[in-house]
Amino acid sequence: MKKRFIRAKNLPSSLWCNESEHILLPDKLVELWKQLLTENELMDLAKTKAPKGFEGGMSKEDTDKHLAWRYNGSCARVILSLLDPKDKLSEVSDAYASTFAGNKVFVADLPSGSGAAIVSMLCTLFELRKNNVLPRHPIEITIMAAEISETAREYLQKQLVALEELILEQSIWIKFETLEWNAMDKISTVDLIKRMTILSQGCNARLLMLTNFSGFLENSGNWKKASSQFDDIFLHSRDSLSTAIWIEPQRKTVVPFFIRAITWLKSSFKSIIGQQASLDDASWYAQTDIKCKQPIKDGDFPVRLTVMRFDLPLGDKS
């Protein structure tokens with residue numbers, strides 16, 4: 001078996017309980033989340049059970065409800081994809097470790113929401129470096145976070161500002177921008193790509209993160225309207241070391257959506273993705289699940305994810 005960069009036996013107790021086989025949200029992540037909940041008078045709401053099927057929306061009310069009910073779950077899925085203690089997502093976990101090994105990295109977080117993906121990623125990298133699971137080589141991370149909700153962008157910005165000084169302790173420097181982005185709008189996407197191109201100059205590695213997006217894209221023909229925008233984003237995300245990771249909950253609609261997306265990728269990017277284009281659809285994505293300790297109430301909650309990972313290299317790989 002290939003030796004993993006991040007192995008369960010090396011995970012610190014701040015992220016993994018070996019006895020109960022639970023993952024944990026990093027302390028700093030929980031602190032930032034609690035701060036947002038308290039400042040926006042959402043703590044009581046966060047302790048209640050979310051209505052079945054709630055996914056959030058663009059309004060402040062929907063963004064606040066998502067922060068209260070879904071934020072910890074979104075964070076836990078990203079952390080699970082990075083730690084992978086059950087060895088179900090080795091290529092995904094190793095891709096994170098390779099990307100964030102050091103030097104200069106560009107991350108595009110689309111759509112960023114209130115920051116679950118990038119904030120949980122940074123807090124987890126901090127813990128892994130602090131506990132000598134990953135090497136402490138200096139790294140500069142430039143972040144382009146794009147999101148249509150103004151409230152969500154404000155919540156993300158506040159968390160990243162609060163993280164800047166802390167993660168310097170582990171030789172992690174961050175620069176970041178947030179941008180209003182409408183995935184249905186070509187002009188909005190052109191503006192996003194322009195900023196991505198400028199901000200990624202001089203970076204040695206690139207990571208395109210897509211999270212919790214299938215619910216929106218699979219509704220009302222949105223995928224058909226958005227696919228040309230994704231054509232442009234993926235084409236402009238190519239680099240010598242460029243990886244795309246797409247994380248979704250383990251809903252019954254996600255695999256059919258991924259199959260649809262894979263068909264599009266094979267058709268539009270065959271010369272770029274090379275050998276992966278010839279692989280059967282099921283080998284493109286993986287699924288895993290685990291329990292996560294509740295950060296603000298007793299007990300735990302299930303974390304189930306479906307994740308797709310592929311490279312976006314420069315040049316023709318056909």
[Y] backbone acceptor or donor facing [X] side chain under 3.5 Å:
{"X": "Asp280", "Y": "Ala282", "value": "yes"}
{"X": "Arg238", "Y": "Leu235", "value": "yes"}
{"X": "Ser93", "Y": "Leu89", "value": "no"}
{"X": "Arg129", "Y": "His137", "value": "yes"}

Testing the basics here: between [X] and [Y], what is the closest heavy-atom pair and its distance to 0.1 Å?
{"X": "Glu180", "Y": "Ser188", "result": "O-OG, 3.8 Å"}
{"X": "Arg206", "Y": "His236", "result": "NH2-O, 2.9 Å"}
{"X": "Ser112", "Y": "Ala145", "result": "CB-CB, 3.7 Å"}
{"X": "Ser237", "Y": "Ser242", "result": "O-OG, 2.5 Å"}
{"X": "Ala76", "Y": "Cys292", "result": "CB-SG, 4.2 Å"}
{"X": "Ser114", "Y": "Tyr155", "result": "OG-CD1, 3.7 Å"}

Any side-chain heavy-atom pair from [X] and [Y] closer than 4.5 angstrom?
{"X": "Val107", "Y": "Thr99", "result": "no"}
{"X": "Trp223", "Y": "Glu218", "result": "no"}
{"X": "Lys28", "Y": "Glu127", "result": "no"}
{"X": "Ser214", "Y": "Arg251", "result": "yes"}

- prompt: Taking it one step at a time, do Trp69 and Thr48 satisfy side chain to side chain donor-acceptor pair (under 3.5 Å)?
  reply: CA-CA 8 Å; Trp69 289 329; Thr48 65; 3.2 Å; yes
Determine whether [X] and [Y] fall in the same hydrophobic cluster, where Ile, Leu, Val, Met, Phe, Trp and Tyr are linked whenever their side-chain heavy atoms lie under 4.5 Å apart.
{"X": "Met121", "Y": "Leu241", "value": "no"}
{"X": "Ile79", "Y": "Ile172", "value": "yes"}
{"X": "Leu208", "Y": "Val190", "value": "no"}

For this session: For Tyr96, enumerate each residue passing the ring pair (Phe, Tyr, Trp, His ring centres under 6.0 Å) test, keeping only those at least two apart in sequence or located in another chain.
Result: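 Residues passing ring pair (Phe, Tyr, Trp, His ring centres under 6.0 Å) with Tyr96: none at all.
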Among Asp64, Thr63, Asp62, find the one that has a side-chain hydrogen bond (donor to acceptor under 3.5 Å, both in side chains) with Lys60.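 Among Asp64, Thr63, Asp62, the one that satisfies the side-chain hydrogen bond (donor to acceptor under 3.5 Å, both in side chains) with Lys60 is Asp64.
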Salt bridge or not for Glu31 and Lys34, using N-O below 4.0 Å?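 Looking at Glu31 and Lys34, the cut-off is not met.
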- May I ask you to decide whether Lys158 forms a salt bridge with Glu154, counting only side-chain N to carboxylate O separations under 4.0 Å?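 Looking at Glu154 together with Lys158, the answer is no, because their closest N to O distance does not fall below 4.0 Å.
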* To which residues is Ile148 joined in a hydrophobic cluster, defined by side-chain heavy-atom contacts under 4.5 Å among Ile, Leu, Val, Met, Phe, Trp and Tyr, whether direct or through other members? ->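 The other cluster members (ILVMFWY side chains, heavy atoms under 4.5 Å, direct or chained) are Met58.
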Which other residues belong to the hydrophobic cluster containing Trp173, where Ile, Leu, Val, Met, Phe, Trp and Tyr are joined when side-chain heavy atoms lie under 4.5 Å apart, directly or via other members?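 Listed partners: Leu168.
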Ring centre gap for Trp246 and Tyr285 strictly below 6.0 Å: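 No, the ring of Trp246 stays outside the 6.0 Å limit from the ring of Tyr285, centre to centre.
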Atom pair [atom1] ([X]) and [atom2] ([Y]), whose distance is rounded to the nearest 0.5 Å:
{"X": "Asp232", "Y": "Ser227", "atom1": "CG", "atom2": "OG", "value": "10.0 Å"}
{"X": "Ile118", "Y": "Ile143", "atom1": "CD1", "atom2": "CD1", "value": "4.0 Å"}
{"X": "Lys175", "Y": "Thr142", "atom1": "NZ", "atom2": "OG1", "value": "4.0 Å"}
{"X": "Phe216", "Y": "Asn222", "atom1": "CZ", "atom2": "CG", "value": "4.0 Å"}
{"X": "Ile23", "Y": "Arg77", "atom1": "CD1", "atom2": "CZ", "value": "10.5 Å"}

Please lay out, stage by stage, how Val92 and Asp84 fare under the test side chain to side chain contact (heavy atoms under 4.5 Å, CB included).
-> CA-CA 9 Å; Val92 176; Asp84 183 32; over 6 Å; no
Would you tabulate the side-chain donor-acceptor contacts of residues 257-266 under 3.5 Å, counting partners in other chains and residues two or more places apart, or write 'none'?
unit_1 : atom_1 : unit_2 : atom_2 : d
Thr263 : OG1    : Ile259 : O      : 3.0
Trp264 : NE1    : Asp231 : OD1    : 2.9
Trp264 : NE1    : Ser268 : OG     : 3.4
Lys266 : NZ     : Leu279 : O      : 2.8
Lys266 : NZ     : Asp281 : OD1    : 2.9

- Message: Apply salt bridge (charged side-chain N to carboxylate O under 4.0 Å, His left out) to residues Asp289 and Lys86 and explain how you reach the verdict.
- Response: CA-CA 9 Å; Asp289 60 86; Lys86 289 186 176 181; 3.6 Å; yes
_So, using side-chain hydrogen bond (donor to acceptor under 3.5 Å, both in side chains) as the criterion, who are the partners of Lys194 when residues are at least two apart?_
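Residues passing side-chain hydrogen bond (donor to acceptor under 3.5 Å, both in side chains) with Lys194: none at all.
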### Query
Should the heavy atoms of other residues, nucleotides or ligands under 6.0 Å from CD of Glu150 be counted, would the total exceed 12?
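Open.
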Item to complete: Might you confirm whether atom NZ of Lys9 has over 12 heavy atoms from other residues, nucleotides or ligands at distances under 6.0 Å?
Response: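 Not more than 12 within 6.0 Å, no.
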According to the interplanar angle, ranging from 0 to 90°, do the rings of Phe234 and Phe269 count as parallel (below 30°), tilted (30 to 60°) or perpendicular (above 60°)?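 Phe234 vs Phe269 ring planes: tilted.
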Among pairs that include at least one residue of residues 298-307, which meet side-chain hydrogen bond (donor to acceptor under 3.5 Å, both in side chains), considering only residues two or more places apart or in two chains?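 Pairs touching residues 298-307 that pass the test: His22-Asp300, Gln287-Thr306.
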